[in-house]
Amino acid sequence: MKKTALVNGKIITPLRLIEDGTIIIKDDTIMDFGFKDQTPIPEDAVVIDVNQAYISPGFIDLHIHGSWGGDVMSASEDDLVKMATGLVKCGVTSFLPTTLSGSLTELRKIATCVEEMRKVNGGAKLIGLHLEGPYLNLKQVGAQNPKYIIRPNPADYLPLFTEYSCIKRVSAAPEIPGGMELGRELKRRGIIASIAHSNAVYQEVLAAVENGYTHATHIFSGMSSVQRVEAYRVTGVLESVLLLEELTTEIIADGHHLPPSLIRLVLKSKGLDRVCLVTDAMSAAGLGPGDYNLGGLEVVVEDLVPEIFEIKTQKGNYVAKLSDRSAFASSVATMDRMIRNMVEFVGLNLPEAVRLATINPARMQKLDHQVGVIAKGMKADLTVFNTEVDILLTMVDGQVVYKNK
Ligand SMILES: [Zn+2]
């Protein structure tokens with residue numbers, strides 16, 4: 001039995017901030033935490049002094065296609081290991097590898113890979129697989145390859161879901177033929193159904209909620225918004241998500257995808273409990289600026305923003321664009337930087353920003369009995385950082401997996 005004590009930390013649980021706190025860990029579990037003078041340290045514990053740094057639950061990324069040179073679509077264990085071991089440097093302790101639309105054969109290969117490796121030594125945990133596509137609306141296809149977009153057919157997806165218990169979330173367009181039936185099946189199996197790349201109108205979004213959809217993928221991207229038909233205004237997915245309490249959503253807060261005003265609008269409508277941060281990142285995340293090839297596309301990673309953009313994004317807030325700079329090509333965001341952005345650009349305090357990357361995604365993915373909050377009996381998935389959100393140390397299941405030198 002191994003005991004560890006983290007001492008001299010400012011603990012962000014994240015429901016409260018405990019200045020000068022101690023956390024006691026036994027094996028992979030948090031045994032106790034609280035103010036220093038009320039939390040005795042067992043004699044046989046290894047003591048780690050964090051010198052007044054912040055300690056929060058490890059970050060959880062529910063939507064990520066790649067990072068640190070690893071790409072989910074390559075269906076390779078090596079690539080998943082690259083992601084898992086790179087992500088802990090950004091404070092991430094759990095992630096949901098996410099596919100793009102591909103052939104069913106390709107998706108099966110990836111699922112096989114994820115099914116076999118839930119835990120990576122020295123890395124973040126794979127909490128399952130997120131299928132983004134292929135059941136999308138061609139009118140909102142975005143950067144997904146239209147060649148692979150298909151209609152949901154139970155003959156395809158029933159065996160897929162049965163064979164691969166790692167599938168934990170599916171992002172789909174509910175309004176396409178078969179989309180509602182898919183939602184019911186996902187709900188029945190406890191898989192999160194998320195509205196994505198969807199051209200639905202308000203009535204269809206309501207039907208989607210009735211048929212099991214609970215979340216909306218990257219708000220403002222790949223979704224319809226209000227349109228005028230003859231003399232009438234027709235509400236789209238965007239306004240429906242802002243309006244409907246039943247739906248949670250996610251934002252890419254990389255300082256490029258959404259200006260602070262739109263992020264504030266989302267938070268004002270949804271509140272601090274119904275939104276999570278996701279990176280939606282691709283393989284170049286974590287690697288820095290330069291020219292990359294993304295699935296055959298020439299892509300440039302840079303931190304420049306056009307004159308009209310609301311903020312002068314700071315150095316190091318990178319984004320990937322097609323080489324002619326006409327569109328974003330996924331993102332190269334990292335979770336630590338997005339938390340910093342939420343504080344610096346959007347005006348949240350640190351515990352509020354941390355909620356969006358910990359307890360909220362844990363609830364949305366139904367993992368909050370294990371991770372996402374610092375409490376007795378929870379997994380010891382923790383990250384330690386300074387005021388600038390530079391990650392100093394990350395712990396997964398009670399093991400230190402990253403230490404900044
Ligand atoms: Zn995505």
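Every heavy atom of this structure was used, including side-chain atoms; hydrogens, water molecules and symmetry mates were not. First listed ligand is number 1; within each ligand, the first listed atom is number 1.
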Next item on the list: Please determine if Asp273 and Arg355 form a salt bridge, counting it only when a charged side-chain N lies under 4.0 Å from a carboxylate O.
Entry: yes
Check: Does any donor atom in the side chain of Ser171 or His197 lie under 3.5 Å from an acceptor atom in the other side chain?
Finding: no
Margin query: Within the 4.5 Å heavy-atom criterion, are Phe35 and Asp20 side-chain neighbours or not?
Written below: no
Margin query: What protein N/O/S atoms are there under 2.8 Å from the Zn ion (ligand 1), waters excluded?
Written below: His63 NE2, His65 NE2, Glu132 OE1, Asp280 OD1
Note to self: I'd like to know if Glu250 and Arg169 make a salt bridge, using a cut-off of under 4.0 Å between side-chain N and carboxylate O.
What the structure shows: yes
Checklist line | Lys/Arg N to Asp/Glu carboxylate O, Glu185 vs Arg188, below 4.0 Å | finding: yes
Margin query: With a sphere of 6.0 Å drawn around CG of Asp324, does it hold more than 12 non-hydrogen atoms of other residues, nucleotides or ligands?
Written below: yes
